[in-house]
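To keep things clear, I will list the structure first and then write my remarks on it.
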Amino acid sequence: MAQIVCVLGNKGGTGKTTLSHMISHGMALLGKRVVCVLTDLERERLSKENRLYLPFDARDAGNLVKVVATLNDVGDWFGVIDGGGNRSDTDSHLANLADLVLLPFRDSHEDMRTVLRDLEWMPRAWGLPSQWPADPAAHRMAQAATDELLGAFGHRLLDPIPHLAATKLLLQDRIPATLPWQLTNACVELAMQVFELLDIQYESPEAFAAPR
């Protein structure tokens, strides 16, 4: 049976689709077979060209049932499901299917208040700070806000994913044959966090270090 990771949340613009593709790309770089499942009705299907993972269009409910059934019948695969476009009923259904639920949120009080409610609603979910500021002062302010608003759930928050302009490359229909090393490293580090939560072994990531 495949392991299923769902990237969910009741607020738009938190990076669910981007993070779904980052996790899928990172898992593939770490030697895993991955399908990235699209359920957001506002998104378009993407080409397999140059991807190390398989994108699958499950915006139709029947296709979602099919891909989940297929994943349940295969071993050594991972399914990463991009959440239902801020549809609580769909998110609830997906959360019940998942081995792991991730709830992205940005550096804003509105995002943090929303993810707080989602963490209370889904006790097995983990918060994922995304598009996090790299500037040291802004990073400290973001951390202070997180501590203030989400301090009670600090044990259920992953390490922040920094803001990288290059992440938009993963959402192109056909991605470049070579991606920037900063993006590659971020994908690998994110996938490693996911594997640690799932207690999954993976290949050594030493080959993905920054160029010297």
Side-chain angles (χ1 to χ4, degrees), residues 2-9 12-59 63-64 67 70-71 74 76-85 100 102 104-107 128-135 138-139 158-196 198 200 202-212:
Q3 300 256 26
I4 295 178
V5 178
C6 288
V7 185
L8 308 177
T14 58
K16 291 187 286 290
T17 299
T18 299
L19 290 166
S20 297
H21 285 272
M22 288 181 70
I23 294 168
S24 299
H25 186 66
M27 285 181 167
L29 287 169
L30 292 171
K32 305 302 182 182
R33 295 183 291 182
V34 190
V35 57
C36 187
V37 181
L38 169 67
T39 68
D40 188 340
L41 300 177
E42 300 301 317
R43 294 282 179 174
E44 299 294 331
R45 62 177 300 175
L46 299 176
S47 167
K48 172 67 171 66
E49 187 171 337
N50 289 335
R51 295 183 197 275
L52 302 177
Y53 57 95
L54 178 66
F56 185 85
D57 183 359
R59 290 171 297 173
N63 284 342
L64 179 59
V67 72
T70 300
L71 289 169
V74 297
D76 300 324
W77 274 80
F78 291 84
V80 180
I81 301 181
D82 174 17
L100 175 66
L102 300 178
F105 63 95
R106 299 169 305 170
D107 168 28
L128 176 56
S130 68
Q131 304 177 41
W132 224 239
D135 174 76
H139 188 95
L158 278 70
D159 294 337
I161 306 303
H163 172 75
L164 290 171
T167 56
K168 63 185 179 184
L169 296 174
L170 290 174
L171 302 186
Q172 294 181 177
D173 183 37
R174 291 174 173 80
I175 67 173
T178 302
L179 295 170
W181 66 264
Q182 297 94 334
L183 175 57
T184 297
N185 279 5
C187 292
V188 168
E189 289 169 6
L190 176 55
M192 289 168 61
Q193 289 196 76
V194 171
F195 283 149
E196 287 166 8
L198 292 171
I200 299 293
Y202 51 84
E203 296 177 3
S204 170
E206 294 176 1
F208 310 116
R212 299 182 183 277

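Remember, predicted model here, so these are calculated numbers, not experimental data.
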Please check this pair: side chain of [X] against backbone of [Y], looking for a donor-acceptor N/O pair closer than 3.5 Å.
X	Y	result
Thr18	Gly15	no
Arg33	Leu54	no
His139	Pro133	yes
Arg174	Ser47	no
Thr39	Gly83	yes
Gln193	Leu158	no
Lys168	Leu171	no
Ser20	Val37	no

Which value, rounded to the nearest 0.5 Å, describes the distance between [X] atom [atom1] and [Y] atom [atom2]?
X	Y	atom1	atom2	value
Ser24	Leu29	OG	CG	11.0 Å
Leu52	Leu30	CG	CG	11.0 Å
Met22	Leu128	CE	CG	9.0 Å
Leu179	Thr184	CG	OG1	5.5 Å

Item to check | No-hydrogen, no-angle side-chain donor-acceptor test under 3.5 Å, Asp82 and Thr17 | outcome: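 Yes.
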Report yes if the side chains of [X] and [Y] come closer than 4.5 Å at any heavy-atom pair, otherwise no.
X	Y	value
Leu169	Pro176	yes
His21	Tyr53	yes
Cys187	Leu170	yes
Ile175	Arg51	yes
Ile161	Trp132	no
Arg59	Glu44	yes
Trp77	Thr70	no
Ser130	Phe105	no

Please give me the minimum heavy-atom distance between [X] and [Y], naming the atom from each residue.
X	Y	value
Gly9	Lys16	O-NZ, 3.7 Å
Tyr202	Met192	OH-CE, 3.4 Å
Ala58	Asn63	CA-CB, 3.9 Å
Phe56	Val35	CB-CG2, 3.6 Å
Ala166	Leu183	O-CD2, 3.4 Å
Phe78	Ala2	N-CB, 4.4 Å

Item to check | Derivation of the side chain to side chain contact (heavy atoms under 4.5 Å, CB included) call for His163 and Asp107 | outcome: CA-CA 11 Å; His163 172 75; Asp107 168 28; over 6 Å; no
Item to check | side chain to side chain contact (heavy atoms under 4.5 Å, CB included) evaluation trace for Met27 with Val5 | outcome: CA-CA 11 Å; Met27 285 181 167; Val5 178; 4.2 Å; yes
Item to check | Enclosure of Asp76 CG (heavy-atom neighbours >12, cutoff 6.0 Å) | outcome: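 Counting neighbours around CG of Asp76, 12 or fewer heavy atoms of other residues, nucleotides or ligands fall under 6.0 Å, so no.
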